[in-house]
J.: 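Sharing a structure here in C-alpha cells format.
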Amino acid sequence: MSIVKKENSLSKWYLPGILKGLGITFRNLIKNLTSRDEMLTLNYPEEKYEYGPRFKGNHVLTVKKDGSLRCTACMLCATNCPADCITIVAAEHDDPSVEKYPINYEIDILRCVFCGFCEEACPVDAIRMGPEWQVPGVNGASFINNISELAYRPSLGGGIKTVLDDEERIKGGI
Amino acid sequence: MEAKLLSEHYSDDSYIGLEGYKSKGGYAELKTAFKMKPEEIIEVVKQSGLRGRGGAGFPTGVKWGFLPKNGEPRYLLCNADEGEPGTFKDRVMMERAPHQLIEGMIISGFAVGSHKAYIYVRGEYMDSVRILEKAIQEAYAAGYLGKNILGSGFDFDLDVYRGAGAYICGEETGMISSLEGKKGQPKLKPPFPAIQGYLKKPTIVNNVETLAAVKYIIRDGAEGYRKYGTEKSAGTKLFSVSGDVNKPGVYEVPLGYSLMDLINNECGGMREGRKLKAVIPGGSSAPVLTAEETGRATMDYECLAEMGSMLGSGAVIIIDETRCMVDMLKVILHFYHHESCGQCTPCREGTGWLEKIVRSIVDGNGRLQDIDLLNRVAENMKGRTICALSDAAALPTMSFIQKFREEFEFFIREGRSQVKG
Amino acid sequence: MFELSPEGKELVKKELARYEDKYSAIIPSLYQIQKENEGWVSPEAVDHLSELTGIPHSHINEVLKFYTMFNLKPTGKYHIQVCCNITCSMFQARELTDDLCQKLGIKEGEVSEDGRFTVSRVECLGSCDNAPAVQVNETYHDNMTPEKMDTLISELK
Amino acid sequence: MPKCTVNGIEVEVKDGATVIEAFMKTNESIAHYCWHPGLSVAGVCRMCMVEIEGNPRLQIACNTPVQDGMVVYNNSEKVKEAVEWTLKFHLINHPLDCPICDQAGECGLQEYYMSHGSYDSEMAERKVKKHKVVDLGEKVVLDTERCILCSRCVRFTDEVTKTNELGIFNRGDRSEIGTFENRPLNNKYSLNTVDICPVGALTSKDFRFRQRVWFLKSFETICQGCSAGCNVQAYYNENGFYRVKPVPNEEVNGHWMCDEGRDVYKFANKEHRLVSGIKKEDSGLSHMAPGAAAVQLREDLSDTKKAALVLTGQYTTEEYLKFVDSFTKNYGNEVYHWINNPKTFDDFDGILLRGDKNPNTVGLLRVLEGKGIKSSWADLEEKLNSGQIEHLVVAGPENLAVFPDLEEKVTLFGQAQKLTVLTPVKSKFYESADYQIPMKSFMEKDGTFVNHKGIEQKLGRGPIVVSQALTLLDLSMILDGSDFISVNSASMGGSL
C-alpha cells in the first residue's frame, strides 16, 4: 500500500511531525487511563477475550440428564477427524437401551486442528467445540484429554446437558 | 329369484344326518360317478364352467387337469378355513349339509385319483368340526368312506383338521403349511400345489362350496349346471349377505344376478329404510362399490371385475349412509395388519403402516398428504408378495380413497367424521 | 412343571399316528394342552410336548405363537371373544367390548378377579349375519346387545 | 443348459438355475437379502425384483427358474421403483441404531439405501418396538428390532446344522426371530448366522464393539484350525487381527466355517507371540535376536552326534520340504511326526469339523514320504527315555489350544540333553527349553496347506506382526550355513 502524502512546507521539517505524533500518543495515554473500557488491548492473562458463541475451542462431551455420557462410541468423529487425534474404546453398557458407550475417549489436543469435523459428524450431539482454548500443560501427556477432562472439567459445572433425552427419543420414535 | 341347488334342503334339520340326507337323494350321484371314468368327471366339471368359490374363481376342472398324469399319491384338501370377514356360507354348508360336502369330496377324490383327503376347518368353527366328524363316522359306517367304496374298488379316507385361528390359512398354500404342522405361511410358487403340495405330493385344494357343487354337476350334467348363471360364470353361488339389510343371511342365487335385487328381494331391503351408501361385494378384500355402481352390478366374476372389484368369496357387506368410511377402513386395515403372516416385507410392514396412518387420521392427527401416502403405500404393496394378502389390504384402501376421498379429507380437516357429525 | 394327563398323552400319541407327518400333531396337541392347562400354553408345556413328540421346541413355539387361538397367558374360565371385525363393528361390537370390560373391571386379555372371565377382541367369527357375534369358549352367541350380554354374564356366573 | 439375457448380457446357466444365479454369473448387481447360495430359497425379502419380457408382473429373481431365451432386466424404472419401495418397507420399522450397531459399514440396509434409496422417510408414525440386546449364549447377541426377518439364520439352523434353535415367532410386523425362551444358540457353527445376517440383528460377542469395520483391512487365507482347510478372510488393522470370516469355496467349506476356527486369529496377535530368541544359560535366560539365536543353535547342533527333529502339522509344505531336507542333510534322518490328539484324530462331525486339528498333516506326511522317512512315535519315546537323543529340535504348534498334550509332551522332550523349541507363540511350558526361537504365524507367511482331502491351498500373506520372527525356510538357510535371513520374512509385506 502506498500512501501519497501531500508535500507541504511543514513536512520538510523534523520537529512538527514528532510533536504531532507525540500528541497522538499522549492523547491515547490519557484516554486509556481515564476510560479503560474503550482500551483496545487486554491485560492477558488476567483478562480474557470473550469469543462468539460459535467459537471452536476445546471439545466438550455432552451428558444426558442423569449425568452419564451422551456419546455412544460410534467412532464417526474418529473416522472423520483429519488429524487422527481421537481415540475411543467402546464397551457394552449394562443398560440394554444404551447398549454401547465409551470407556475411554481421548483427544490429543496438540494434534487437533480445531476444524470441527467431529462436531459435524456426531449423530447424537455428544461432542461440541466449547469456548475455552487456552489450557496450559506441563508435558505432552497433559494435552491428552480424557473423559473426565472432556465431559466433567470444573469449568463445565457438572457437564453440558443435551436437549433431547433418551425417553424423548424413544417417544418420538427416533 | 332364488335358485336352490345346494341349499335346497338347508332348512331341513334331518338333512344333517345320513338317513335324512339319503332320503333327499343323497349319495345317489356317488353311484353315478363311480360308473364314469375319472377323466370323464374332470371333463364334465370342465364343461360345466365351475369356478373356484373360495375367492380366486379359478376354473376347477382346469385346476384338476394340472395334476401330473401318473399314479403318484395325491391329496385332496377341502378349504373350510373361512376367514374372510363377511363370509359365513361355508359354516352354514358344513353345519346344515355335512354329507353334501362329503359326497362332493368323494366324487372329486375319485375324479382326481386321490385316496386321502382332509377338510381343513377353521379353529373357531367347533360346531362344524363336531358335525363333520359325526357325519364322517356315519359315512364310514355306511361304507361311503374307507376301502372299496360301494364295491367300486375305490378307496377314500377323509379326515377333519382343525385350524387354530389364522386368516392366512385360507390361502391354499398357507393351508397346506398349516396342515403340515407349520406356521400357516403361504409357500412360494412355483412349484404349484398341483405339482408339489401337502408333504411335497401333488395336492388339490378346493373350497367347500366348489366341492359340494360337483355333486350337482354330476346330477344335472354340465349343461344342466350351465342353465344357471352366465356364459363365463356358470352355476349358482351362495352369497353371505350382512350389514345394513333387513334379512342378512346366506342366499343361493344364480351368478349374474342383480346386486340390487339381492338386496331388495332376498334380503328384504335396507335396514330401517336408510339410503344405500356402498357395498363390499366379495368380502373385506374386495374393492368397495358406490351406491351408483351397486345399481349396475350383477353378481358374477366378469361384471365385478369390470367395475374394478371382485366376487371373491361372495361375502356381500351392505353399508348404509350412517356409516363412516374412514372408520370402516380402519377396521379392515386392522384386520389385515393383525393377519399378515409376516413373511414378505411389503405386506408385513405395509399392512402395519397403512393401519397406523388411518388410525392417526381417525385419532385426529392426520395430514392431508396422508391420503396420497396411503395410496402410494397400497400401490406398492400390490402384487409384490407371495400370496394375495397384501393385495387384499391394498385394494380396499385404494378403492375407499378413490371413491370416498372427500370423507377422508373432511376427517383430516375437521378431526371428526363427516357422517357421525 | 406341566405334564399332560395320561389321556392327554394318549391323544397326542393318537394324533402323531393319525397324520402322515408327525408335525401335523402339533396343533391338536396344543389344543389338548390348553384344555388341561387352565386355558393357556405355558413354556413348560411346550418343552413337555417337545419331549413327547421329538419335535424341536422352537418349531412348536413358532406354531404356538402364530395361531391366535392359543393363549400365551392364563385365561378365565369363560373366554369371551367379541368379534370386532367389519360387520360386527358396524353394530357396536367395539362399544360392547369396552362396556363389558368396564363392567367386569378388567382390560382386554386380563382375567377378572374371580378367575371367571377373560375378554378379548377377535377377528371375524364367521357369523356376520348375526352381528355382533360373541364366542364364549366354543359356543357362539348371536346378535349381542348390552342387555343380552348382561344376561349372559349372569348366567355364566 | 438354458441361455438367458440379463440386462442385455447373454449368459448360459445350469439346468434348473434361477434368475438370480444368472445375475450372479454376469456380475450384474441385484439387491437381495433372503437369498443365500448356501441355503434354500425363501423368497420373502422381495428385493430381487426383475422384469421378465412378456410378463407384466414383476417377479422375484430368486424363485424364477431360467427358461431358455428368457430376457430379464432389473435396470428399468419400474424395477428400480419397486426395489426402492421394498427397501422403504424394510426400513420403516428399523431403528436408527447405526451409531451403535456393529454391522454399520457392512450393512445391507445401508448399502442398498445408498444405491437404491436416498429418499426422505415418510413414516410419521411410531415404530414397532421389539426386544433388544437378547443374549443368545456365549457367542451371539440378538437385536430383534434390527432384524428384517429374511430368515437366513433360521434356515441355517434348520438346514445346515439341523439343530433348529432359531425360529420366527409371532406374525405380521410383530414377528421376531429368537430361540425358544431365549435359550442359548450354542451349536458349533453358530457364528455363521452372524455372517449371513445382512443387518445388525445378530452380532458376534467376540467382535462386538471392538472395532468399526471401516477401520479394518482384510486378506484371504486358509484357516489353521483343523485339517478341513476352510477358506477364510482375516480382518486386521494396525493393532492386530480382529476376526476371521469364511470365504465360499464349494470344494472345501461351502459357505461356512466352524466357531472354533474363528479363534485362529487370536494367537497370531502380538500379545500371544514370542518376539525374541531365548537361550537358556547358566546365568538365566538370555534374550537375543531370533537370527542370532538360530546361529547359536547351528553352532550348538554342529557338535551334536544325535539330533532329532519333531514336526507338527502346523507349518507349510514348502517349509517342511526345505527344513526336513536341511535337517536330514546336516544331522541325520531322525524326523518324527507329533500327533496331538490320536484318539480323536479321525473324527468328523458331518459338516466341517475334523478331529485332526492341524492344517497341514497331509502336507507333512507327503514330505516325509517323499524323503523316505518312516518313523514311529514309540521309537522317539524309547530313544528319549533311554537318553539316546542329544539335541531335540521341535517345530511346535501355533494353535496351543488344540494341543491338550502339550505339557506332557514337552516334559517328554525335556529328557533330551538339549531341547530347542521353534514356536510362534509363548508358553510357560517352553521355559525349560535351551533354545526358543520365534517363528512367523500362518497369517504372516506364504506357503501351502494340504487339507484332509489332499487339496493344496495357498495361504495369503497378511501383515507382519513380529517382523524379526523366522520361518522354517529362514532357519534351514541358517542351518545350511548362511548367516543371512532370506527375503521371505521381514523385508516383504506390510508390517503392522
Side-chain angles (χ1 to χ4, degrees), chain B residues 165-169 173-174 182-191 334-361 363 365-367 369-370 372-374 376-387 389-391 393, chain D residues 16 18 33-35 40-49 55-60 62-65 67 78-79 81-94 109 119 121-128 147-151 154 158 167-177:
Chain B
Y167 167 69
I168 194 61
C169 295
T173 51
K182 301 180 195 147
K183 292 182 287 181
Q185 292 182 325
K187 298 178 178 194
L188 280 172
K189 286 154 262 180
H334 172 77
F335 172 73
Y336 288 111
H337 179 204
H338 184 259
E339 297 295 344
S340 167
C341 82
Q343 231 185 153
C344 307
T345 312
C347 171
R348 176 181 71 232
E349 306 293 344
T351 50
W353 196 3
L354 288 178
E355 196 211 340
K356 282 180 196 167
I357 299 172
V358 175
R359 190 174 286 266
S360 81
I361 294 175
D363 292 346
N365 302 322
R367 308 165 300 169
Q369 69 259 39
D370 282 346
D372 276 338
L373 182 61
L374 276 174
R376 279 188 296 132
V377 172
E379 183 66 49
N380 283 291
M381 287 167 65
K382 221 175 61 185
R384 299 277 162 80
T385 48
I386 293 176
C387 77
L389 191 137
S390 108
D391 298 50
Chain D
T18 53
Y33 290 128
C34 66
W35 182 79
S40 64
V41 173
V44 296
C45 76
R46 318 305 288 180
M47 288 294 282
C48 60
M49 289 282 175
N55 192 338
R57 241 182 89 160
L58 296 181
Q59 298 291 322
I60 50 169
C62 63
N63 195 48
T64 309
Q67 276 152 14
K78 195 174 164 194
V79 175
E81 206 203 328
V83 175
E84 183 184 325
W85 266 92
T86 312
L87 187 66
K88 270 186 199 182
F89 287 126
H90 273 106
L91 284 170
I92 52 167
N93 283 316
H94 190 79
L109 290 167
Y119 54 84
S121 172
E122 292 179 275
M123 171 84 171
E125 272 68 43
R126 295 257 173 96
K127 294 188 175 195
V128 179
C147 175
I148 55 166
L149 296 162
C150 70
S151 78
V154 179
D158 285 356
I168 296 178
F169 308 129
N170 294 333
R171 66 187 191 201
D173 59 6
R174 285 87 61 212
S175 302
E176 285 180 42
I177 60 160

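Chain A is the first sequence line, chain B the second, and so forth, proteins listed ahead of strands; every chain is numbered from 1.
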J.: So for atom CD, which belongs to D:Gln67, do other residues, nucleotides or ligands contribute more than 12 heavy atoms lying within a distance under 6.0 Å?
T.: no

J.: Evaluate the side-chain proximity of D:Arg171 to B:Arg348: yes if any heavy-atom separation is below 4.5 Å, no if none is.
T.: no

J.: Answer yes or no: is there a side-chain heavy-atom contact under 4.5 Å between D:Ile168 and B:Lys183?
T.: yes

J.: For B:Glu339, is it the side chain, the backbone, both or neither that has a heavy atom under 4.5 Å from a heavy atom of chain D?
T.: both

J.: I'd like to know if D:Glu125 and B:Arg359 make a salt bridge, using a cut-off of under 4.0 Å between side-chain N and carboxylate O.
T.: no

J.: Tell me, for B:Ile386 versus chain D, whether the close heavy atoms (under 4.5 Å) come from the side chain, the backbone, both or neither.
T.: both

J.: Among B:Gly352, B:Cys347, B:Cys341, B:Ser360, which residue forms the greatest number of heavy-atom pairs with chain D at distances under 4.5 Å?
T.: B:Cys341

J.: Is there a side-chain contact between B:Ser340 and D:Asp173, using heavy atoms and a 4.5 Å cut-off?
T.: no

J.: Find the one option among D:Met49, D:Lys88, D:Gln59 whose heavy-atom pairs under 4.5 Å with chain B are most numerous.
T.: D:Met49

J.: Using ring pair (Phe, Tyr, Trp, His ring centres under 6.0 Å) as the criterion, list what pairs up with B:Tyr167, not counting sequence neighbours.
T.: B:Phe335, B:Tyr336

J.: Could you check which of B:Thr351, B:Thr385, B:Asn365, B:Ile168 has the highest count of heavy-atom pairs closer than 4.5 Å to chain D?
T.: B:Thr385

J.: Looking at every heavy atom in both D:Gly43 and B:Cys344, which two are closest together, and how far apart are they?
T.: O-SG, 4.5 Å

J.: Nearest 0.5 Å, what's the OG-CZ distance between B:Ser390 and D:Phe89?
T.: 8.0 Å

J.: Okay, side chain of D:Arg46, backbone of B:Arg384: is any donor-acceptor separation there less than 3.5 Å?
T.: yes

J.: Does some side-chain heavy atom of D:Arg174 sit less than 4.5 Å from a side-chain heavy atom of B:His337?
T.: yes

J.: Which heavy atom in D:Met123 sits nearest to a heavy atom in B:Lys356, and how many Å separate them?
T.: CE-NZ, 3.8 Å

J.: Checking B:Ile357 against chain D: side chain, backbone, both or neither under 4.5 Å from a heavy atom?
T.: both

J.: Between B:Trp353 and D:Trp85, what is the ring plane arrangement, given parallel below 30°, perpendicular above 60°, and tilted in between?
T.: tilted

J.: Given side chains that start at C-beta, do those of B:Leu188 and D:Val41 come closer than 4.5 Å, heavy atoms only?
T.: yes

J.: Answer with side chain, backbone, both or neither: which region of D:Ile60 has an atom nearer than 4.5 Å to a non-hydrogen atom of chain B?
T.: side chain

J.: Under the 3.5 angstrom rule, does the side chain of D:Asn63 hit a backbone N or O of B:Pro190 as a donor-acceptor pair?
T.: yes

J.: Could you give the distance from OG (D:Ser151) to CD (B:Gln343), rounded to the nearest 0.5 Å?
T.: 7.5 Å

J.: Check whether D:Ile92 gets within reach of chain B through its side chain, its backbone, both or neither, counting any heavy atom under 4.5 Å.
T.: side chain

